[in-house]
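Being a predicted model, the structure only gives us computed values, none of them experimental.
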There are 2 protein chains.
Amino acid sequence: MNGAATREHIVEAADRLFYQRGYEHTSFADIAAAVGLSRGNFYYHFKSKDAILDAVIATRLAGTRHMLRQWENEHPTPSGRILRFVEIVLTNGPDIQQYGCPVGTLNTELAKLGHTMRGQARELFTLFRDWLREQFTELGHADQADELAMHVLAFSQGVAVLSHAFADEEFVRREVSRMRDWLSTYEK
Amino acid sequence: MNGAATREHIVEAADRLFYQRGYEHTSFADIAAAVGLSRGNFYYHFKSKDAILDAVIATRLAGTRHMLRQWENEHPTPSGRILRFVEIVLTNGPDIQQYGCPVGTLNTELAKLGHTMRGQARELFTLFRDWLREQFTELGHADQADELAMHVLAFSQGVAVLSHAFADEEFVRREVSRMRDWLSTYEK
DNA sequence: GGGACTCTAGGACGGTTGTCCTAGCACCGT
DNA sequence: ACGGTGCTAGGACAACCGTCCTAGAGTCCC
């Protein structure tokens, strides 16, 4: 098999497992079993577990950038784009209910571990924060764009944590509706 | 030394360490070192790590119940009590910034581990949820009391996650102020 | 003084962790 | 046919994990 393809498979499996079970609770053996490789052979592709995490975060960053660019194409207005972000807790509802927010839970875990790669995980948040800020700026609220961006981000994290804890879909729907109303007061 | 006192010291140290480093990332050796006991001797007081977690959660539940009762004494009006809860992200600001919300992070971790004690950790959330619901009911919004309680809970979790990730105190202050305004629209 | 009870230290156990090493497979251009 | 390269399997490694066991302090009551 192609080496680059195997590497991609590893990152893919690690990404999923890190999200579902957490970084620390996922062992090399788990990833190896998921990909179908022998445990020891791993070090040909990645020289440490941190290196896999590094690749996983890089993949997520690239994927997020791609998604945001796609949202910009699909929704012409900034308020439509912000709403698209808000609704992520619905479109990804089942995953969030089972595993929480991939960005939030990773940040929380790495912070508690005192992990070196904490800063790069935070970059995932920053990506959304900057993008949301741009949308609010375009909406004509440049003066408080960052504050509003953080508010929307806080909404998504709060909903994700409680959806994860209580598995209550109706709650998520109500919060989104509440957010939609709030957002409409900021439209031009 | 008294055995009951030692047991209390263990729970105390475990409580702190579980909060600061996470449950899984805290080993018996860590707790033993913190209390000043030998590793093996632990099993005289607790027959398993889960048993310690059980005791820690029980302690937190009791402590939370005590705190809520105290808030009821200190604040005569339901809106004052709700505001007291909202301001917890300020009064516990430094801890939350460093380690996140003790309730939220524990729930998230135990859920990812698929831990048996997940249900008892959720009870910590339920305690606040029920208490907030009572306050909103007393405020004259019995019909949507639970929804409002969950909204306030979501606020606290969202703020905690982002405060933990970005260590931005000003953001917390702004969100609290925003919440104060929202709350005032529900006062009698 | 002697036995029972409470509490402790220290080490042994089997298993798992991340890491590393080596031997060998398949395929390549020459 | 052949040496080199890319990739793999399998096991060894030291360290750590949660768990368990035993021997012995210290203290109390009879």
Exercise for the section: Mind checking salt bridge (Lys or Arg N to Asp or Glu O under 4.0 Å) for B:Glu12 and listing every partner two or more places apart, or none if nothing turns up? Expected result: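 With sequence neighbours excluded, B:Glu12 shows a salt bridge (Lys or Arg N to Asp or Glu O under 4.0 Å) to no residue whatsoever.
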
Handout entry: Side-chain hydrophobic cluster, 4.5 Å single linkage: members besides A:Tyr99
Key =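 Members besides A:Tyr99, by chain and number: A:Tyr19.
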
Handout entry: D:dT8 OP1/OP2 closer than 4.0 Å to side-chain N/O of A:Tyr44
Key =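 Indeed not, no polar side-chain atom of A:Tyr44 lies that close.
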
Exercise for the section: Establish, with yes or no, whether the OP1 or OP2 oxygen of D:dG6 is under 4.0 angstrom from a side-chain nitrogen or oxygen of A:His45. Expected result: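 Answer no for this pair, as no side-chain N or O of A:His45 is under 4.0 Å from OP1 or OP2.
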
Anything under 3.5 Å between a donor and an acceptor, one on a side chain of residues 154-163 of chain B, the other on a protein residue two or more places apart or in another chain? List them.
{"unit_1": "B:Ser156", "atom_1": "OG", "unit_2": "B:Leu153", "atom_2": "O", "d": "2.8"}

Practice task
At under 4.0 Å between heavy atoms, which parts of nucleotides 9-25 of chain D does protein reach? Answer with one letter per nucleotide, 5' to 3': B base, S sugar-phosphate only, - none.
Solution key: BBB-----SSBBB----

Handout entry: Contacts of A:Tyr23 that satisfy ring-ring contact (aromatic ring centres under 6.0 Å, His included) - sequence neighbours left out
Key =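 Scan of A:Tyr23 (ring-ring contact (aromatic ring centres under 6.0 Å, His included), adjacent residues dropped) gives A:Phe18, A:His115.
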
Throw together a table of side-chain donor-acceptor distances under 3.5 angstrom for residues 29-47 of chain B, partners on residues two or more places apart or in other chains.
{"unit_1": "B:Asp30", "atom_1": "OD2", "unit_2": "B:Arg21", "atom_2": "NH1", "d": "3.4"}
{"unit_1": "B:Asp30", "atom_1": "OD2", "unit_2": "B:Ser27", "atom_2": "N", "d": "3.1"}
{"unit_1": "B:Asp30", "atom_1": "OD2", "unit_2": "B:Ser27", "atom_2": "OG", "d": "3.3"}

